[in-house]
Amino acid sequence: MPERPDWAVIVHGGARTIPEPLRERHRQGCLEAVAAAATLLAAGRSAVAAVESAVRVLEADPTFNAGRGSVPNAAGEVECDAAIMDGRDLAVGAVAAVRTLRHPISVARLLLYERPVLLVAEGAEAFARAHGAEICDPDHLRNTETQHAGCDTVGCVAIDARGNIAAGTSTGGLSGCAVGRVGDSPLPGCGLYADDAVGGVSLSGEGESLIRTTLAARLIQALEHDAPQAAIAGALGRLERVGGEAGLIVIDRHGRIGWDHTSDHFAVARASAAEPARAFIHRDEDKGSDA
Ligand code: ASP
């Protein structure tokens with residue numbers, strides 16, 4: 001087993017079909033997000049801080065269906081979900097069906113050490129206001145620039161110099177979905193999980209399928225004995241039972257990175273203390289670098 005790098009990080013911009021004219025934007029956006037996290041990790045900051053900063057970059061970029069680029073639901077309104085998990089103590093903070101939060105991931109982080117794990121709708125927005133988070137007009141979040149096809153969520157997993165692991169997700173959900181629908185993204189064990197003793201994972205895909213298979217939980221369980229790529233292959237096999245496309249990113253406790261997808265594309269960027277930042281939109285572009 002190679003020595004654990006001082007730190008490592010991987011981000012994704014959603015499991016989907018990315019039309020040719022948008023591919024460069026997806027790569028660039030993921031590179032900017034991974035650079036934000038890498039700067040913090042190299043300075044000795046925590047995995048939680050790194051994950052939040054990477055997801056904030058993706059939320060601010062209308063290329064991605066999260067924060068500012070969110071897709072409308074069946075009523076033409078935007079509802080966002082986000083979560084962050086701290087693998088040190090299994091703390092989770094999550095928000096769902098929020099309409100006025102500029103950075104849902106930051107409100108999720110504020111919730112990390114509060115008693116409720118998940119706040120939805122007005123409750124989350126009131127909490128955000130009370131804690132000085134950035135509130136915005138719902139129109140600011142609605143995607144008016146890019147066509148989103150299929151699934152699309154952003155996520156990040158990081159391990160810091162102390163070996164602490166964190167995972168995060170943020171999404172505008174599925175285009176045209178039912179009002180009030182909440183997907184896998186804010187649910188630990190479904191859209192994300194992090195445990196310093198095992199690893200961290202963040203998922204994108206059809207939320208209903210990821211929830212039914214508790215795919216993040218299965219992936220974490222497999223990481224107890226398998227290397228990242230083998231664990232991912234096993235999890236994707238489970239998904240076949242219910243169907244639906246997905247994209248998965250993983251870092252294990254040894255700092256090994258893995259990722260894969262069943263969607264046509266999955267924009268990803270990765271970096272570590274031992275490797276420069278690189279971006280991909282298909283797994284085939286990154287063959288051979290993982291355990
Ligand atoms: N998983 C997200 C959801 O179902 C969508 C996605 O990943 O694109 O809300």
Check: Phe266 ring centroid to His12 ring centroid under 6.0 Å: yes

Interatomic spacing from [atom1] in [X] to [atom2] in [Y] - rounded to 0.5 Å:
| X | Y | atom1 | atom2 | value |
| --- | --- | --- | --- | --- |
| Ile281 | Arg16 | CD1 | CZ | 10.5 Å |
| Ile84 | Arg109 | CD1 | CZ | 6.5 Å |
| Arg212 | Glu206 | CZ | CD | 10.0 Å |
| Cys190 | Glu208 | SG | CD | 11.0 Å |
| Tyr193 | Gln221 | OH | CD | 10.5 Å |
| Ser53 | Ile105 | OG | CD1 | 10.5 Å |

Matching residue for Leu219 among Ile232, Asp226, Val198 - test: side-chain contact (heavy atoms from CB on, under 4.5 Å): Ile232

Determine, using the 4.5 Å side-chain heavy-atom cutoff (strictly less than), whether [X] and [Y] are members of one ILVMFWY cluster.
| X | Y | result |
| --- | --- | --- |
| Val51 | Val154 | yes |
| Val242 | Leu248 | yes |
| Ile165 | Val201 | no |
| Leu192 | Val157 | no |
| Val250 | Leu203 | yes |

Qualifying salt bridge (Lys or Arg N to Asp or Glu O under 4.0 Å) pairs, either residue in residues 72-88, two or more places apart: Glu77-Arg99, Glu79-Arg99, Asp86-Arg88

Does some side-chain heavy atom of [Y] sit less than 4.5 Å from a side-chain heavy atom of [X]?
| X | Y | value |
| --- | --- | --- |
| Val268 | Ile10 | yes |
| Arg68 | Asp61 | no |
| Leu22 | Thr63 | no |
| His261 | His282 | yes |
| Phe64 | Cys30 | yes |
| Ile251 | Arg256 | no |
| Glu24 | Arg27 | yes |
| Glu114 | His131 | yes |

Main-chain N/O of [Y] paired to [X] side chain as donor or acceptor, under 3.5 Å:
| X | Y | answer |
| --- | --- | --- |
| Thr262 | Ala246 | yes |
| Thr214 | Ala217 | no |
| Gln229 | Trp259 | yes |
| Glu224 | Ile220 | no |
| Glu125 | Thr100 | yes |

Show the nearest heavy-atom pair for residues [X] and [Y], with the distance to one decimal.
| X | Y | answer |
| --- | --- | --- |
| Leu215 | Arg238 | CD1-CB, 4.2 Å |
| Asp160 | Arg45 | CB-O, 3.6 Å |
| Ala83 | Ala94 | CB-CB, 3.7 Å |
| Ser204 | Gly14 | OG-CA, 3.6 Å |
| Ala47 | Ala158 | CB-O, 3.5 Å |
| Gly244 | Ser209 | CA-OG, 4.0 Å |

Test log, rule side-chain contact (heavy atoms from CB on, under 4.5 Å), inputs Ile159 and Asn164: CA-CA 5 Å; Ile159 183 168; Asn164 299 141; over 6 Å; no

Donor-acceptor side-chain pairing of [X] and [Y] below 3.5 angstrom:
| X | Y | answer |
| --- | --- | --- |
| Thr171 | Thr153 | yes |
| Glu59 | Ser170 | yes |
| Arg241 | Thr213 | no |

Arg4, CZ atom: more than 12 neighbouring heavy atoms under 6.0 Å: yes

Other residues, nucleotides, ligands: >12 heavy atoms within 6.0 Å of Glu3 CD: no

Pair Arg278 + Asp286, salt bridge at N-O below 4.0 Å: yes

Evaluation steps, side-chain contact (heavy atoms from CB on, under 4.5 Å), between Leu90 and Met85: CA-CA 6 Å; Leu90 310 186; Met85 183 156 183; 4.0 Å; yes

Hydrophobic cluster of Val107, others only, ordered by chain and residue number, side-chain cut-off 4.5 Å: Val95, Val98, Leu101, Leu110, Leu111, Leu119, Phe127, Ile135

